[in-house]
**Student:** 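Quick one: structure below, then a few questions.
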Amino acid sequence: AAGVIAEGVSKQYGGTNQTQALLNVSVSIQPGQFISILGPSGCGKSTFLRCVAGLEKLTAGSLQVGQDPVKGPPDNIGMVFQRDALLEWRTIRNNILLPVEFAGKRKEDYRQRVDSLLSLTGLAGFADSYPHELSGGMRQRASICRALVDDPRLLLMDEPFGALDALTRDQMNVEMQRIWMQTRNTTLFVTHGIAEAIFLGDVVLVFCPRPGRIVEAIPVDFPRP
Ligand code: ADP
Ligand code: ADP
């Protein structure tokens, strides 16, 4: 697991609006921490994750993941979005193996890794199923497996359970805590749910809009099982 250091990160989008999405964001995230990110729509939460992933060019400031300054496209960073983006024509196993393929590694070497992730997320037995055979919650579990398959330095989750019904979302939060306790990935987790932010996070970062900046970094002292 890698830590993240942001120093004075600002991001202004081009185009006609010239939106200042982030202004002077500084934060230090320890390796293995679970960071919840809260804030109203449009306050730059997704932009911040994309900057950390190296998918956006900063207007000012610097970002470091582990020992390395963030420069180009993501280097083994797991990402999970609100929409699961599973490929419908691929089995669950072959969906989970996509990052392995992209990295040019041998899929055969990851057979056991996939199996253990499937059992970790309660999907044992679904390796050869297709995405349409799974419920929304199960599809997001498969997305989590895909994000974790190549042992990423960082796990970035952008409202991963936002499209699920309330009951499934609650179950997924409990599930997520269990997965994190096993893997101890450094995790940045964007959510609109205050309760789940506090339930899951070691620290809750509260973003404020216009322009996007961190107004609070609240350490959570909430007993874990
Ligand atoms: P959040 O994830 O908190 O809802 P975003 O990071 O998506 O916020 O957006 C922050 C601000 O930047 C918003 O005003 C949004 O409209 C703007 N924005 C996001 N992406 C782009 C883009 N690619 N081009 C121009 N403006 C953008
Ligand atoms: P796998 O390795 O899991 O069998 P592939 O990615 O090789 O899956 O795809 C299986 C087949 O589906 C290939 O013949 C591929 O060309 C085809 N395919 C590719 N894109 C699409 C698509 N958008 N919809 C349906 N089938 C597709």
Side-chain angles (χ1 to χ4, degrees), residues 1-13 19-66 68-85 99 102 140 143-144 146-150 152-164 169 172-173 176 179-180 183 185-194 196-197 200-218:
V4 179
I5 299 171
E7 278 179 352
V9 169
S10 295
K11 172 66 187 179
Q12 182 164 22
Y13 287 106
T19 308
Q20 185 81 48
L22 294 171
L23 184 69
N24 202 21
V25 170
S26 297
V27 65
S28 179
I29 295 165
Q30 304 304 313
Q33 271 190 324
F34 195 111
I35 305 295
S36 299
I37 299 179
L38 270 177
S41 291
C43 67
K45 304 182 298 293
S46 300
T47 299
F48 184 65
L49 289 200
R50 289 204 303 273
C51 288
V52 171
L55 298 169
E56 299 280 358
K57 203 161 181 284
L58 307 183
T59 314
S62 67
L63 271 164
Q64 196 177 320
V65 173
D68 312 316
V70 175
K71 293 200 215 86
D75 175 23
N76 200 7
I77 290 178
M79 299 186 81
V80 181
F81 303 95
Q82 184 166 344
R83 295 202 42 211
D84 60 53
F102 284 138
Q140 277 308 46
S143 304
I144 294 168
R146 179 165 72 186
L148 293 176
V149 70
D150 204 11
R153 288 143 41 90
L154 208 58
L155 180 59
L156 305 179
M157 308 183 83
D158 199 346
E159 292 188 59
F161 312 136
L164 303 174
R169 193 160 61 232
M172 289 303 294
N173 285 326
M176 193 59 226
I179 293 167
W180 178 83
T183 59
N185 277 102
T186 313
T187 305
L188 275 62
F189 183 93
V190 170
T191 176
H192 278 115
I194 294 174
E196 71 188 47
L200 287 167
D202 293 307
V203 176
V204 179
L205 297 181
V206 183
F207 277 65
C208 178
R210 276 183 267 295
R213 61 194 196 279
I214 294 174
V215 285
E216 290 269 20
I218 307 165

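Predicted, not measured: the structure shown is a model, and the values here were computed from it. By convention here, the first residue in the shown sequence is residue 1.
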**Student:** Applying side-chain contact (heavy atoms from CB on, under 4.5 Å), can you list everything that pairs with Leu23, at least two apart in sequence or on another chain?
**Tutor:**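 Listed in chain order: Ser10, Gln20, Pro211.
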**Student:** List the residues meeting side-chain contact (heavy atoms from CB on, under 4.5 Å) with Glu159, not counting sequence neighbours, and say none if there are none.
**Tutor:**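 Listed in chain order: Gln82, Val190, His192.
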**Student:** Look up atom NZ in Lys71 and atom CG in Leu63, then write down how far apart they are to the nearest 0.5 Å.
**Tutor:**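 One gets 13.0 Å once the value is rounded to the nearest 0.5 Å.
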**Student:** Between Ser26 and Gly8 (side chain of the first, backbone of the second, donor and acceptor by atom type, cut-off under 3.5 Å), is there such a pair?
**Tutor:**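 Yes, the answer is positive, given that a donor and an acceptor are paired below the 3.5 Å cut-off.
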**Student:** Got a sec, which residues hit salt bridge (Lys or Arg N to Asp or Glu O under 4.0 Å) with Arg153, two or more places apart in sequence or on another chain?
**Tutor:** Asp68
**Student:** Go through the structure and list residues passing side chain to side chain donor-acceptor pair (under 3.5 Å) with Asn24, not counting sequence neighbours.
**Tutor:** none
**Student:** Side chain to side chain donor-acceptor pair (under 3.5 Å) with Thr186: which residues, sequence neighbours excluded?
**Tutor:**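 Testing Thr186 for side chain to side chain donor-acceptor pair (under 3.5 Å), a comparison that skips the adjacent residues, returns none.
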**Student:** Indicate the ring-plane relationship of Phe189 and Phe34, choosing parallel, tilted or perpendicular according to the 30° and 60° boundaries.
**Tutor:**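 Ring orientation of Phe189 relative to Phe34: tilted.
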**Student:** What residues, two or more places apart in sequence or in another chain, satisfy side-chain contact (heavy atoms from CB on, under 4.5 Å) together with Ser62?
**Tutor:** Glu7
**Student:** For residues 41-50, which side-chain N or O atoms pair as donor and acceptor with protein atoms under 3.5 Å away, sequence neighbours left out?
**Tutor:**
{"residue": "Lys45", "atom": "NZ", "partner": "Gly39", "partner atom": "O", "Å": "2.9"}
{"residue": "Lys45", "atom": "NZ", "partner": "Pro40", "partner atom": "O", "Å": "3.0"}
{"residue": "Ser46", "atom": "OG", "partner": "Asp158", "partner atom": "OD2", "Å": "2.7"}
{"residue": "Thr47", "atom": "OG1", "partner": "Tyr13", "partner atom": "OH", "Å": "2.8"}
{"residue": "Arg50", "atom": "NE", "partner": "Glu56", "partner atom": "OE2", "Å": "2.7"}
{"residue": "Arg50", "atom": "NH2", "partner": "Tyr13", "partner atom": "OH", "Å": "2.6"}
{"residue": "Arg50", "atom": "NH2", "partner": "Glu56", "partner atom": "OE2", "Å": "3.0"}

**Student:** Going by the rule side chain to side chain donor-acceptor pair (under 3.5 Å), which residues pair with Asp150 if we only count those two or more places apart in sequence or in a different chain?
**Tutor:** Lys105, Tyr110
**Student:** With sequence neighbours left out, what residues match Ala147 under side-chain contact (heavy atoms from CB on, under 4.5 Å)?
**Tutor:**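 With sequence neighbours excluded, Ala147 shows a side-chain contact (heavy atoms from CB on, under 4.5 Å) to Val80, Leu155, given in chain and number order.
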**Student:** I'd like to check Pro152 versus Ile77 (side-chain heavy atoms, cut-off strictly below 4.5 Å). Are they in contact?
**Tutor:**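 Side-chain contact under 4.5 Å: no.
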**Student:** To the nearest 0.5 Å, what is the distance between OG1 on Thr191 and CG on Leu200?
**Tutor:** 8.0 Å
**Student:** Suppose we screen for side chain to side chain donor-acceptor pair (under 3.5 Å). Which residues come up paired with Ser143, at least two apart in sequence or across chains?
**Tutor:**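 Gln140.
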